[in-house]
Amino acid sequence: MTAALERRDLLLLGERIRAASAVTRPLMIEIIDTACRRFPSLRQSAGTARVMSLIDVEAWADAALTLMELELPLWQVRRIAYDDGEWHCALSRQRELPDWLDSAVEARHADLALSLMSAFAEVQVRTAEAARPSVPSVRPARDPLYEPIGCDNVG
């Protein structure tokens with residue numbers, strides 16, 4: 001999958017998460033399929049089994065937190081707060097820093113698990129952007145008249 005396609009898929013996923021009114025099993029599976037890079041390689045691990053069992057019992061917030069722990073080992077929950085009918089979630093790589101110095105990813109939603117998953121998707125978008133090289137790589141076009149030849153020391 002190209003970086004541009006992956007970024008677009010992650011942005012669309014983020015929009016679907018924000019538009020959802022509640023978490024469902026198909027939405028969680030879509031999040032795993034679209035935004036999780038490590039999960040497929042960890043299929044047989046205890047962590048992935050825990051995520052799937054939490055999804056099975058519809059423990060959405062716990063599943064979201066466990067999924068973030070597996071997929072984003074360098075990120076931590078900085079803040080979860082409920083204010084004016086919405087859950088606010090902030091994820092950070094350096095949560096010991098003061099708020100004004102930290103570049104945390106923040107999301108909000110009326111549903112706690114969707115707030116967590118929205119922040120998760122935003123981190124994945126940022127991670128996908130950071131993984132791209134700053135200079136695009138372009139393959140040189142071959143000249144249609146160019147034909148490599150092999151030669152030995154004939155002479």
Side-chain angles (χ1 to χ4, degrees), residues 1-140:
M1 182 182 304
T2 66
L5 180 61
E6 180 179 327
R7 183 177 185 280
R8 187 188 68 189
D9 291 344
L10 290 169
L11 289 171
L12 290 172
L13 177 65
E15 289 175 17
R16 280 194 293 282
I17 293 169
R18 285 187 293 279
S21 58
V23 181
T24 62
R25 180 182 176 81
L27 179 60
M28 285 298 286
I29 299 302
E30 180 183 1
I31 291 168
I32 290 170
D33 290 344
T34 305
C36 295
R37 296 179 187 103
R38 305 175 106 217
F39 198 88
S41 63
L42 300 172
R43 280 280 180 207
Q44 303 303 321
S45 76
T48 57
R50 178 163 164 67
V51 169
M52 295 312 293
S53 66
L54 290 168
I55 290 171
D56 289 341
V57 298
E58 299 181 359
W60 305 125
D62 290 336
L65 290 167
T66 304
L67 188 60
M68 287 191 294
E69 185 180 320
L70 287 173
E71 284 292 318
L72 306 172
L74 300 177
W75 291 78
Q76 300 170 335
V77 174
R78 180 177 182 90
R79 180 179 53 256
I80 297 175
Y82 185 77
D83 184 37
D84 200 24
E86 287 188 318
W87 287 97
H88 298 261
C89 174
L91 300 179
S92 173
R93 288 186 70 173
Q94 302 165 357
R95 78 177 175 191
E96 288 77 24
L97 288 177
D99 280 347
W100 60 276
L101 282 177
D102 191 16
S103 59
V105 171
E106 298 191 32
R108 66 179 200 263
H109 198 282
D111 182 89
L112 173 59
L114 289 172
S115 175
L116 292 165
M117 287 289 83
S118 186
F120 171 79
E122 179 61 30
V123 168
Q124 293 294 55
V125 168
R126 287 189 185 186
T127 304
E129 289 173 349
R132 291 187 306 193
S134 60
V135 178
S137 60
V138 178
R139 291 178 134 176

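Residue indices begin at 1 and follow the sequence shown.
A 4.5 Å side-chain heavy-atom check between Val51 and Ile32 finds at least one atom pair inside the cut-off. The shortest distance between side-chain heavy atoms of Gln124 and Leu72 falls below 4.5 Å. In this structure the side chain of Ile80 reaches within 4.5 angstrom of the side chain of Leu116, judged on heavy atoms. Put simply, the side chain of Trp60 reaches to within 4.5 Å of the side chain of Met28, judged on heavy atoms. Residues Asp111 and Met117 are not in side-chain contact: their nearest non-hydrogen atoms beyond the backbone lie 4.5 Å or more apart. Considering only heavy atoms from C-beta on, Ile17 stays 4.5 Å or farther from Phe120 through its side chain. In this structure, Asp33 and Glu30 have side chains that are not in contact, with every pair of non-hydrogen atoms separated by 4.5 Å or more.
Heavy-atom minimum distance, Ala61 versus Ala113: N-CB, 3.7 Å. In this structure, Cys36 and Leu67 approach most closely via the heavy-atom pair SG-CD1, 3.7 Å. In plain terms, the two heavy atoms of Leu114 and Ala20 that are nearest each other are CD1-O, 3.5 Å. Listed here is the closest heavy atom pair of Leu13 and Ala35: CD2-CB, 3.8 Å. The shortest non-hydrogen separation linking Trp87 to Leu112 is CD1-N, 3.3 Å. Closest heavy-atom contact between Arg126 and Ala104: NH1-O, 4.2 Å.
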How far apart are the C-alpha atoms of Gln94 and Leu74, what are their side-chain angles, what is the distance that settles it, and do they pass the side-chain contact (heavy atoms from CB on, under 4.5 Å) test? CA-CA 9 Å; Gln94 302 165 357; Leu74 300 177; over 6 Å; no
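How far CG of Asp62 is from CD1 of Ile55: 11.5 Å, rounded to the nearest 0.5 Å. The distance from atom CG of Leu91 to atom CZ of Arg78, rounded to the nearest 0.5 Å, is 11.0 Å.
Around atom CD of Glu69, no more than 12 heavy atoms belonging to other residues, nucleotides or ligands sit under 6.0 Å away. The neighbour count for Arg16 CZ, taken as heavy atoms of other residues, nucleotides or ligands under 6.0 Å away, is above 12.
The side-chain contact (heavy atoms from CB on, under 4.5 Å) test with Arg7 singles out one residue from Leu11, Asp9, Leu10, and that residue is Leu11. Exactly one residue among Glu106, Arg18, Arg108 makes a side-chain contact (heavy atoms from CB on, under 4.5 Å) with Ser118. That residue is Arg18.
A salt bridge is defined here as a Lys NZ or Arg NE, NH1 or NH2 lying under 4.0 Å from an Asp or Glu carboxylate O, and Arg37 with Glu6 meets this definition.
A donor-acceptor contact shorter than 3.5 Å links the side chain of Ser53 to the backbone of Arg50.
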